[in-house]
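First comes the structure, then the notes that go with it.
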Amino acid sequence: MSRYNFKQAEAKWQSVWEDRGCFAAGEGGDKPKYYVLEMFPYPSGRIHMGHVRNYTLGDVVARYKRARGFNVLHPMGWDAFGLPAENAAKENKVRPARWTEQNIATMREQLKSMGLSYDWSREIATCDPDYYRHEQKMFLDFLKQGLVYRKESWVNWDPVENTVLANEQVIDGKGWRSGANVENRLLSQWFMKITAFSEELLQDLETLDRWPARVRLMQEKWIGRSEGAYMFFDFDGRNGGKGGRLEVFTTRPDTIFGASFCAIAANHPLSQDLSEDDADLRAFITECGSAGTSEAAIETAEKIGYDTGVRVRHPFDDERTLPLYVANFVLMEYGTGAIFGCPAHDQRDLEFARKYGLDVLPVVAPRETPQEPIGESFVIEDEAFTDDGVLINSAFLDGLGVEEAKSAIIERLDAADAGRPGVNYRLRDWGISRQRYWGCPIPVIHCPDCGIVPVPEEDLPVVLPEDADLEAPGNPLDNHPTWKDADCPACGKPARRETDTFDTFFESSWYFARFCSPHADTAFTREAADYWLPVDQYIGGIEHAVLHLLYSRFFTRALKQCGYLGIKEPFEGLLTQGMVCHETYRDENGKWLYPDEVEITGDKSARVLDGPQGGSAVTVGRSEKMSKSRKNVVDPESIIETYGADTARLFMLSDSPPDRDLDWTEAGIEGAWRYVNRLWRLVNAPDSKKPFSKFGATRPDMKADEKEFPGLIFTLKEIHKTISKVTEDLERFHFNKAVARIRELTNTLDDLAGNDDSAAWVRRHGLEAIVLLLGPMMPHLTEELWHSLGHETLLADTPWPEAEADLLVEETVTIAVQVNGKLRGTLDLPKDSDDQMAETAALALENVTAAIAGKPIRKVIIVPNRIINVVV
RNA sequence: GCGGGCGUGGCGGAACUGGUAUACGCGCAGGACUUAAAAUCCUGUGUCCUAGUGACAUGUGGGUUCGAGUCCCACCGCCCGCACCA
């Protein structure tokens, strides 16, 4: 039996599409625009299954929208800066630029072999000076707008990568890529003022109704807005020393009368001041710093404090003073780095107070109940009371509820000069300096006289030197003998270039805009950006829910402020795809094995592939995300080599919904392969004598045949129902359901009997529908079949099929008949039958009368065209 | 600890706003073709039994309803995010 020659077909159609420029995008025309974008890859060397899934999903959307008459922009490029290139330079003595270039060449060919409908003329690589010169210009514009600034700050230092990490890049106290414990270091760093947009970034999440709720929620939590008050506590210095005013942030200003201490972070400026003449405090601060930020340390860390001896005055009660502690659980990075402690109503403060014998004065008591009037009987034991209640022991606040008390105290803050209402965010400014070579140079010059001077725009780009030494420890640009030497653009004296480079999230924060006009002399033209942006559908991994997606949202606002573009939100729709997983295998010694080193012998059992007898037993582990370390990877190239791109694409779409994890299985890809061949045979080796290409487009008159061949009409209806359902499924990204429905139609066509012209026409009509519907999913096979069916045009240029409305209407419906909620039979009735008639018919069913068994009928529930339930 | 999501056959998963649970695929079993195998095709396949127009089944236990996989409450398990955030 002949088989589909995918190798020949895939190569042929790929070159036809390319030669005819099928997927080149241009602005203008009457068609509505549609910009579909998949997250561009880091050129690590070879594509992996995660890429295959991501880009298959994107290609289905792109090809579908094109068929639906949209002017589609579907570009691809490379997120080409990053540390692996530097590591490769060290290991293999190859320049990062060369290594990256080679990887891009390999991966481009691999992506092309998948038959993805990209406009390759728009390809970009972020390590290209022609790309990064524009972001250097943006940086200078941000500087003018006050959106970027430099400050000395404590940073997360990754000792393995020898660089700074953003807070978002620290996971459980470890570097997101190296996994090394992150250290604290004080460095002078460039920051982007993302916090200037905290409120906007939070509020506008509500407008992103085509984003997954969970991503919006993650961003909401990350921004972490909390309302409360900033409050002041005045204090006198120790031993008559310098006094001052301590500012704290609290979300519970209502509990101010329950305050029994204040505490500040170890790296709070006041801690530093006080430690100057206090050796014990210096020792304590060191202890706090060395406790480490590993998750184990944080979880088990006991709350410890150091009593500075300073007493702060209660803002609403001159008679009261509170001790000031330096405490390990107070974070300098949040709020003002200082708190007041109210042990009765905060669990952390309670633990601290118990440890140091501080007062625990309840100021909120549970509301009065008939059993328990509000009284002095309310005592705090081991648990702080954090629920709503009634204020007590609180002077003018007594008797108020928590919310009322908050408002009341906030109103008095100003008059009492005790503080101000305020909002605080967890979000911190984005530190963008990295001490790495393979990134975009930050275009400023440090002059001993003029300070920080921007590189003049006509001198951009500041290009990376090709001869930096990447093997010496430290920052390669800083180590370079001459690169950093530059004359001050302001005064002309010798000065020094900034040697830090941008965090690589900088490049990915605006690449979607560059794709609009990738060859422009500016970052992008306003015209092209106005036409294409925002991205209508963005597709990528959930791992970027906070990092990349939040930075891009911020960047778009910053660019808008600088007049680059007119939109706030870059991505209107977002689809986050699940991971590609595979079973794991270990041999007797616990060593990981690749799937192709293993022979599956049964359910959850396997042995080492080793000659005809097979080797030793293998432990089959649960399916986990494909990773090199566990060796549970399958190489896309070998899959495409064996089964073809279309088979791989079909499998990626058919087994799981896109947002869920997908299990890669040998059986699954085989199943997809079988279907590919089955479809090919249906078209190329039909049961009838005549090949399908010989049937004209004229539809036989089947009205006359309806009685004679009800199967024909039934099948015709199924064809159009499938068109309608699949269209709906694709609109909602239910690709797995779409595949299932198309397979159902394939089964129906297979069952269609008859060899006359009418039957052959219906069969051909059905096959055409299948080919059209599968077009976005399996573009090569369907293009091939489209031609076998006698078409001269390209399927890629063919509009999406339309379901004929009158074929979607059912004349009869099957109604379920229940007795007391249990199914007792079904009834075929004309659609929209009269209720009375339906009831009579239902009660006449033999099985129904048996179930009723003469009992009196209490009620009959009739849902038209659906169900009849007889209650007895 | 807090927040969110998910629990449906041997497996991946269907089931629109409560209305015939298990579509489609995988796997498995039997059969056809073949000297044989592969490929292909056909048939069957939730569980149980007394085999029926039967009973029981959507993590567990309750509830609402004529009717619950779907809604409500409690619990169990798994996954993800955040984590001393004042």
Side-chain angles (χ1 to χ4, degrees), chain A residues 1 3 171-173 212-215 217-222 224-226 228 248-252 255 263 295 298-299 301-303 327-331 333-342 345-349 351-352 424-428 542-543 545-546 602-604 623 651 654-657 659-663 665-672 674-675 677-678 681 725 728 734 736-747 750 814-827 845-848 850-851 858-863 865-872:
Chain A
M1 170 126 11
R3 271 197 184 195
I171 294 146
D172 291 336
R214 128 176 122 117
V215 174
L217 194 74
M218 279 162 74
Q219 294 211 352
E220 188 185 317
K221 297 282 172 196
W222 190 265
R225 181 185 203 272
S226 42
V248 307
F249 177 74
T250 180
T251 54
R252 293 294 304 271
T255 63
E295 79 271 48
I298 286 171
E299 244 169 67
E302 208 182 338
K303 286 167 186 47
N328 67 340
F329 67 93
V330 179
L331 307 174
E333 298 79 31
Y334 186 78
T336 61
I339 61 155
F340 78 73
C342 178
H345 305 292
D346 183 290
Q347 192 60 33
R348 290 159 306 178
D349 297 348
E351 281 170 38
F352 192 77
N424 195 46
Y425 300 88
R426 205 187 82 108
L427 183 69
R428 286 164 230 160
I542 186 75
E543 66 272 21
V546 178
D603 189 35
K604 293 279 163 203
S623 188
F651 178 57
S654 53
D655 259 25
S656 295
D659 53 341
R660 264 201 239 178
D661 287 353
L662 172 93
D663 263 318
T665 60
E666 195 62 25
I669 189 74
E670 287 281 352
R674 269 200 296 276
Y675 180 72
N677 280 293
R678 181 177 169 210
R681 277 194 302 269
K725 293 280 194 188
E728 239 172 76
H734 293 175
N736 57 327
K737 285 160 70 178
V739 171
R741 293 191 208 281
I742 294 169
R743 293 184 91 131
E744 268 182 283
L745 179 59
T746 313
N747 294 342
D750 233 359
T814 306
I815 294 171
V817 183
Q818 298 179 333
V819 177
N820 284 349
K822 291 208 157 139
L823 185 70
R824 294 298 168 185
T826 57
L827 209 53
L845 283 175
E846 201 183 314
N847 212 20
V848 172
R858 275 180 40 212
K859 204 177 353 168
V860 178
I861 288 141
I862 300 173
V863 182
N865 301 326
R866 273 194 189 275
I867 204 164
I868 297 172
N869 190 7
V870 184
V871 186
V872 297

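Numbered from 1 within each chain, the chains take letters A, B, ... in sequence-line order.
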Quickly work out the [X] [atom1] to [N] [atom2] distance and round it to whole Å.
X: A:Gln818; N: B:U65; atom1: CD; atom2: C1'; answer: 12 Å
X: A:Tyr334; N: B:A83; atom1: OH; atom2: C1'; answer: 13 Å
X: A:Lys303; N: B:C85; atom1: NZ; atom2: P; answer: 8 Å
X: A:Leu662; N: B:C11; atom1: CG; atom2: P; answer: 17 Å
X: A:Leu427; N: B:C82; atom1: CG; atom2: P; answer: 14 Å
X: A:Met218; N: B:A83; atom1: CE; atom2: P; answer: 11 Å
X: A:Asp346; N: B:A86; atom1: CG; atom2: P; answer: 9 Å
X: A:Ile742; N: B:A14; atom1: CD1; atom2: P; answer: 16 Å

Handout entry: Flag if over 12 foreign heavy atoms under 6.0 Å of CZ, A:Arg214
Key =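 It does not: A:Arg214 CZ has 12 such atoms or fewer within range.
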Remember a base hit wins even if backbone is also touched, and classify [X] as base, sugar-phosphate or nothing at under 4.0 Å, heavy atoms.
X: A:Val863; answer: base
X: A:Arg214; answer: sugar-phosphate
X: A:Leu331; answer: base

Given [N], is OP1 or OP2 found less than 4.0 Å from the side-chain N or O atoms of [X]?
X: A:Lys822; N: B:C56; answer: yes
X: A:Asn736; N: B:G12; answer: no
X: A:Arg660; N: B:G13; answer: yes
X: A:Arg681; N: B:A39; answer: no

Which nucleotide in the list [options] gets nearest to the side chain of [X]?
X: A:Lys859; options: B:G3, B:G12, B:C66; result: B:C66
X: A:Leu823; options: B:U53, B:G12, B:U20; result: B:U20
X: A:Thr826; options: B:A15, B:G19, B:U20; result: B:U20
X: A:Ile867; options: B:G3, B:U20, B:C66; result: B:U20
X: A:Ser656; options: B:U53, B:G13, B:C82; result: B:G13
X: A:Asn328; options: B:C16, B:A86, B:C84; result: B:C84

Do the side chains of [Y] and [X] get nearer than 4.5 Å, heavy atoms only?
X: A:Ile868; Y: A:Ile861; result: no
X: A:Ile339; Y: A:Phe249; result: no
X: A:Asn820; Y: A:Val871; result: yes

Say you pick atom [atom1] in [N] and the same atom in [M]; how far apart are they, in whole Å?
N: B:C66; M: B:G61; atom1: C1'; value: 24 Å
N: B:G7; M: B:U70; atom1: P; value: 11 Å
N: B:G44; M: B:A38; atom1: P; value: 23 Å
N: B:G69; M: B:U50; atom1: C1'; value: 31 Å
N: B:U64; M: B:C73; atom1: C1'; value: 11 Å
N: B:G9; M: B:G5; atom1: P; value: 22 Å
N: B:U47; M: B:A32; atom1: P; value: 25 Å
N: B:U53; M: B:U58; atom1: P; value: 25 Å

Under 3.5 Å, side chain of [X] to main-chain N/O of [Y], donor-acceptor pair present?
X: A:Asp663; Y: A:Ser623; answer: no
X: A:Arg824; Y: A:Val848; answer: no
X: A:Gln219; Y: A:Ala545; answer: yes
X: A:Asn869; Y: A:Gly821; answer: yes

Practice task
Examine A:Arg743 relative to A:Tyr675 and say whether NZ or CZ is less than 6.0 Å from the centre of the six-membered ring and inside a 45° cone about the ring axis.
Solution key: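 A:Arg743 over A:Tyr675 ring: yes.
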Problem - Salt-bridge criterion met for A:Asp750 and A:Arg678 (N-O under 4.0 Å) - result: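 A salt bridge links A:Asp750 with A:Arg678.
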Completion exercise
Taken to the nearest 0.5 Å, the spacing of A:Leu827 CG from A:Leu845 CG works out to 5.0 Å
Problem - Pairwise distance CZ(A:Phe352) to CG(A:Asn328) - rounded to 0.5 angstrom - result: 8.0 Å
Completion exercise
Nucleotide by nucleotide, nucleotides 24-29 of chain B touches protein heavy atoms under 4.0 Å in the pattern (B base, S sugar-phosphate only, - none) SSSS--
Practice task
Tell me which of A:Asn869 and A:Gly337 sits closer to the 5' end of RNA chain B, going by the nucleotide each one is nearest to.
Solution key: A:Asn869
Fill in the blank from the handout: Taking for A:Ile861 and for A:Ile542 the nucleotide of RNA chain B with the nearest heavy atom, the one nearer the 5' end belongs to A:Ile861
Exercise for the section: Would you sketch RNA chain B in dot-bracket for me? Only Watson-Crick or G-U wobble pairs with both distances under 3.5 Å count, crossing pairs as [ ], other-strand pairs as |, the rest as dots. Expected result: (((((((..(((......[....)))((((((.......))))))((((..).)))..(((((..]....))))))))))))....
Practice task
Check the chi torsion on B:G69 and let me know: syn if it falls within 90° of 0, anti if not.
Solution key: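 B:G69: anti glycosidic orientation.
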